[in-house]
Amino acid sequence: MIVRVRIAPSPTGDPHVGTAYIALFNLIFARHFKGKFILRIEDTDQSRSRPEYEKNIMDALRWCKIDWDEGPDMGGPFGPYRQSERTEIYRKYVYELLDRGHAYKCFATPEELTEMRELAAAQGKRVGYDRRYRNLSPQEVREREEAGQSFVIRLKVPLTGECVFEDQIKGRISAPWADIDDQVLLKSDGFPTYHLANVVDDYLMKITHVIRGDEWMSSTPKHILLYESFGWKTPVFMHMPLLLGKEGKKLSKRKNPTSIFYFRDSGYLPEALVNFLTLMGYSMTGEREIYTLDEIVRDFDPKRIGISGAFFDIQKLGWVNQKKIIESIPEDQLWNRLSDWKFNEAFMRKLMPLVHTRIKTFTDFIQLCDFFFIADMKYTPELLCPKNVSSDVVSCILQGIIWSLDEQEDWSGAGLEKASHEASERFGVHHKKVVMQILFATVMGKHMGPPLFDSATLLGKDILRVRFLTAIETLGGISNKRMDLLKKGWEKKNCRELAGAAGAVQ
Ligand code: GLU
């Protein structure tokens, strides 16, 4: 048997360190067992997938030196490797399931579904859909179709018994079927759901081992049922422990730095990030902590993969990074690596227009531009809060700006400028005296410097997001209750009540 493994990221956001982490274990597994590692893009969620996110995923993985053998960019014997180019394939297979009686057409309207969900929630049931269209007669199905009623195709999940499977990391897993919904396989727009496309592709691409994050474990029974319904052999499942943030919860961009580009732009070495990420899920023999990718490929033993989640500890990453600088970059190459990072022609050329009229001597340059080269900003409430504006209001304004930038999907200077005006209007606070002051402090760690919006463009989204989050954290964070109120106000485009007296600052 030739080992074939894959990662199947969805291009719906910034390239996440979790993607690199799972990719690494797939890569290591493939290389150790002399198999193939495939990159498949799961872009069936039409409303959230973007080509630029796909490009970012590939660029980020390449920066980590994670190479794949087959993928959308290079093709391969089982392509296409982008799910949006495979829609017809999924339709064919789902109709096969329908013919075999393992799936059915469901005509529930959105109103019916909401009603069912509410009822199930009130009764404390885990399954939200009451399966009311599961046993329609063929004639009734035909009549509804002829009447033009739209439908989805659902999987017939057993009503009793349990799904039992062997996970190669977690051991024996069992899940009662009664807790599992009749999963939608094909949506009313003819697009497959993740479950259908994922299983069909893993089968057609001859995937032997599915190595993915723990968060997919609850989907596995449905996947196993799909394999069985098609009459296909199931691959081996291996669910990797999750990367956890400080609070012990799944690493989330709402609280932690998660974009691979953040680590690149903050001056970490790809070999350090890679070493660190493998440490999160694996222990080398002799508890070695510093090693190369080649070394872990050589020594790899799936039994040494951890079972429970690992804390993504940035301090530890810093330690690994320093070790790598000392041990793997000779002194005479350090300058090359630093210049690859930011001390290069391309970056400096972009920076010069921001500096040109703002320095008396060349020594002013470092002072003016320090924040482009610093990762840990030293914020204080005094720095971040304009006169007469409380920490709480400043945090809320920063959070509103994050939402605005995410809604616009534009974190460039232009996006930030728009967000700053939005915040000023919605909170009823002075644009220049309040919002711009907060932004200068957050972006640059000072109140004067090069032009704010151009600087933001040059810093990039990933650094900016983390600066916003760190500033909010410095100010004491936003409680869940406050966050709910803020969200409501932000959606109604009116947060004046939250801003309270700060609205009077003119
Ligand atoms: N598209 C899923 C993701 O975004 C793939 C999960 C899997 O590996 O099955 O991670």
Side-chain angles (χ1 to χ4, degrees), residues 3-30 35-51 53-58 60-61 66 68 70-72 78 80-87 89-90 155 163 165 167-170 173 183-185 187 191-227 232 234-243 250-253 258-260 277 281 305 309:
V3 162
R4 289 178 59 82
V5 294
R6 67 7 176 224
I7 51 158
S10 299
T12 52
D14 303 318
H16 199 284
V17 280
T19 304
Y21 163 73
I22 297 296
L24 273 167
F25 281 94
N26 277 280
L27 175 77
I28 294 165
F29 194 90
K36 297 277 184 224
F37 169 49
I38 289 113
L39 170 65
R40 178 173 77 227
I41 296 291
E42 298 208 329
D43 57 349
T44 50
D45 185 342
Q46 291 279 290
S47 61
R48 293 175 58 224
S49 298
R50 304 266 180 281
Y53 290 144
E54 176 184 317
K55 180 178 180 302
N56 287 348
I57 290 172
M58 295 204 217
L61 292 177
I66 297 175
W68 46 97
E70 298 166 26
F78 303 98
Y81 293 88
R82 197 178 280 115
Q83 289 189 328
S84 56
E85 293 163 23
R86 301 171 63 84
T87 330
I89 302 178
Y90 311 124
L155 179 64
C163 173
F165 67 96
D167 182 279
Q168 228 176 59
I169 298 174
K170 312 260 170 212
I173 305 287
Q183 176 62 48
V184 175
L185 300 174
K187 295 180 266 186
F191 269 86
T193 55
Y194 151 70
H195 305 278
L196 174 70
N198 184 272
V199 166
V200 167
D201 284 349
D202 281 348
Y203 167 73
L204 292 176
M205 295 180 184
K206 299 197 184 317
I207 300 303
T208 56
H209 297 72
V210 170
I211 307 172
R212 61 183 171 198
D214 239 0
E215 73 264 44
W216 302 101
M217 183 95 110
S218 58
S219 300
T220 308
K222 295 174 192 172
H223 297 181
I224 291 180
L225 182 62
L226 275 168
Y227 282 100
W232 298 336
T234 48
V236 173
F237 287 100
M238 297 171 69
H239 289 93
M240 296 288 304
L242 285 186
L243 298 180
K250 191 181 159 200
L251 206 62
S252 140
K253 75 168 184 193
T258 53
S259 165
I260 298 170
L277 287 174
I305 294 177

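Both backbone and side-chain heavy atoms feed into the values below; hydrogens, waters and symmetry mates do not. Order of listing sets the numbers, starting from 1, for every ligand and every atom in it.
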Within a radius of less than 6.0 Å around NZ of K222, do more than 12 heavy atoms belonging to other residues, nucleotides or ligands occur?
yes

For S252, is there any backbone N or O sitting under 3.5 Å from a side-chain donor or acceptor partner on T258?
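No: the side chain of T258 does not pair with the backbone of S252.
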
Side chain of R82, backbone of D43: donor and acceptor closer than 3.5 Å?
no

How would you list, by chain and number, every residue that makes a side chain to side chain donor-acceptor pair (under 3.5 Å) with Y203, sequence neighbours excluded?
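Not a single residue meets the side chain to side chain donor-acceptor pair (under 3.5 Å) criterion with Y203.
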
Would you please say whether a donor-acceptor pair under 3.5 Å links the side chains of D201 and Y90?
yes

Gap between atom CG of D167 and atom CE of M238 - 0.5 Å precision:
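The distance works out to 8.0 Å.
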
Residue shell around ligand 1, heavy atom under 4.0 angstrom:
R6, A8, S10, E42, Y194, N198, R212, W216

